[in-house]
Amino acid sequence: MPELPEVETTVRGLARYLDGEVLTRVVTHRADLRRPFPPELAQVLTGARVTGLSRRAKYGLIHVDRGQTMVFHLGMSGRWRIEPDEIGKHDHLVLETGAGHRLALCDPRRFGSVDLVETARLDDWAPFAGLGPEPLSPALTPAHLAGALKGRIAAIKLMLLDQRIVAGLGNIYVCEALYRARIHPERQGGKVSRAALERLVPAIKTVLAEAIEAGGSTLRDYARPDGELGYFSKQFDVYGRESEPCRSCGGAVKRIVQGGRSSWFCPDCQK
DNA sequence: AGTAAATCCTGTTCGC
DNA sequence: TGCGAACAGGATTTAC
């Protein structure tokens, strides 16, 4: 499940193969993922030089020297494969570089997306226009969250998944951050105390930073030996640990469903 | 306006 | 052993 740290790790890994390189071949093996591929994708990218890569929320950005940026989203099963031995049925987009590298965007469930956006207008691009602050930037503060949550009755867990409030958090790291901040996932957004928000903001930043660090260290150069980018092992405190002991109090971690997806938390530590 | 639910996908896991 | 149900879940749309 690629969330912000996995996308960041993927982008850093891709940069080693793409930054400064010319794209010599761009091939799509189907017409769409979640959305249609841009019809002009291959034409615009072929022969272009990559001028840099970056990330916004859970989107990866590949900037080229024609004033265009290829924006990809990994959905929930997307990954880039470096030098794949063979192109499989889920390798929907394949890039080749002047240095002779081949990269494949593989996405079995096809929840991902690929778009082409004018670089100068990225901030105005509809999917980006309404995004909240980057969680690792100074713009994410307790005051920002207090303003966004004020008067809201929706559960804090669901509000943190809202990309308009904070951009880039997904189910895993919301569960982990709420655990660290000792906030119950079902607490109404507007009823989270200022003191709790003061714990939550650093909890979000550290849990993400640690995950990025884990990706960089466990993957070594951000790629697994088999060439897959973006997935790494990380020890979680609560995510996926139903009935297992809380690392703080020893009580059983509980799983509930909110908004149709699982939340894990410690009912004793999180209030 | 805010909230909740449905939708899209397929590979994996689980229960009977 | 085999089959179907449940599950994973981000972003978007629809409904209330």
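All of these numbers come straight from a predicted model, not from anything done at the bench.
For the pair A:Asp107 CG and C:dA11 P, the computed distance is 13 Å after rounding to whole Å. What separates CG of A:Leu4 from C1' of C:dG10 is a distance of 13 Å, to the nearest Å. Atoms CG (A:Leu33) and C1' (C:dG10) sit 14 Å apart, rounded to a whole Å. A straight line from CD of A:Glu242 to C1' of C:dA8 spans 15 Å, rounded to a whole angstrom. Taking atom OH on A:Tyr173 and atom C1' on C:dG10, their separation rounds to 15 Å, with Å as the unit.
Between the axis at the start and the axis at the end of the helix from B:dG2-C:dC16 to B:dC16-C:dG2 there is an angle of 60°, using five pairs per end and rounding to 10 degrees.
The side-chain contact (heavy atoms from CB on, under 4.5 Å) test with A:Leu169 singles out one residue from A:Val207, A:Ile204, A:Asp162, and that residue is A:Ile204. Considering A:Thr46, A:Leu105, A:Val27, A:Val26 as possible partners of A:Leu95, the one that fulfils the side-chain contact (heavy atoms from CB on, under 4.5 Å) test is A:Val26.
The phosphate of C:dG10 (OP1 or OP2) has no side-chain N or O of A:His73 nearer than 4.0 angstrom. Note on A:Gln163: a side-chain N or O is less than 4.0 Å away from OP1 or OP2 of C:dA11.
A:Arg180 has no carboxylate O lying under 4.0 Å from a charged side-chain N of A:Glu176, or vice versa, which leaves the two without a salt bridge. Ion pairing of A:Arg79 with A:Asp107 is absent here, as no side-chain N (NZ or NE/NH1/NH2) approaches a carboxylate O to less than 4.0 Å. Salt bridge present: A:Arg55 and A:Glu8 bring a charged side-chain N and a carboxylate O closer than 4.0 Å. By the 4.0 Å N-to-carboxylate-O rule, A:Arg34 lies too far from A:Asp32 to be salt-bridged with it. Salt bridge annotation for A:Glu134-A:Arg56: present, with a cationic side-chain nitrogen under 4.0 angstrom from a carboxylate oxygen.
A:Ser262 comes within 4.0 angstrom of the backbone, heavy atoms only, and of no base.
For C:dA11, the base has a donor-acceptor partner in the side chain of A:Arg34 [N/O atoms by modelled type, under 3.5 angstrom]. With hydrogens and angles ignored, no donor-acceptor pair closer than 3.5 Å exists between the side chain of A:Arg109 and the base of C:dG10.
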Acceptor/donor pairs from residues 69-76 of chain A side chains to any protein atom, 3.5 angstrom cut, sequence neighbours excluded:
unit_1	atom_1	unit_2	atom_2	d
A:Thr69	OG1	A:His63	ND1	2.7
A:Thr69	OG1	A:Thr119	OG1	2.8
A:His73	ND1	A:Gly75	N	2.8

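A residue-by-residue look at A:Gly259 and A:Pro108 shows that A:Gly259 has its nearest nucleotide of DNA chain B further toward the 5' end. Between A:Arg261 and A:Arg152, the residue anchored nearer the 5' end of DNA chain B, judged by the nucleotide with its closest heavy atom, is A:Arg152. Judged by closest nucleotide on DNA chain C, A:Phe111 is the one of A:Pro127 and A:Phe111 placed further toward the 5' end.
Taking 4.0 Å as the cutoff to heavy atoms of chain A, we find the contact window on DNA chain B bounded by B:dG2 to B:dG11.
Taking the six-membered ring for Trp, A:Tyr59 and A:Phe128 have ring centres closer than 6.0 Å.
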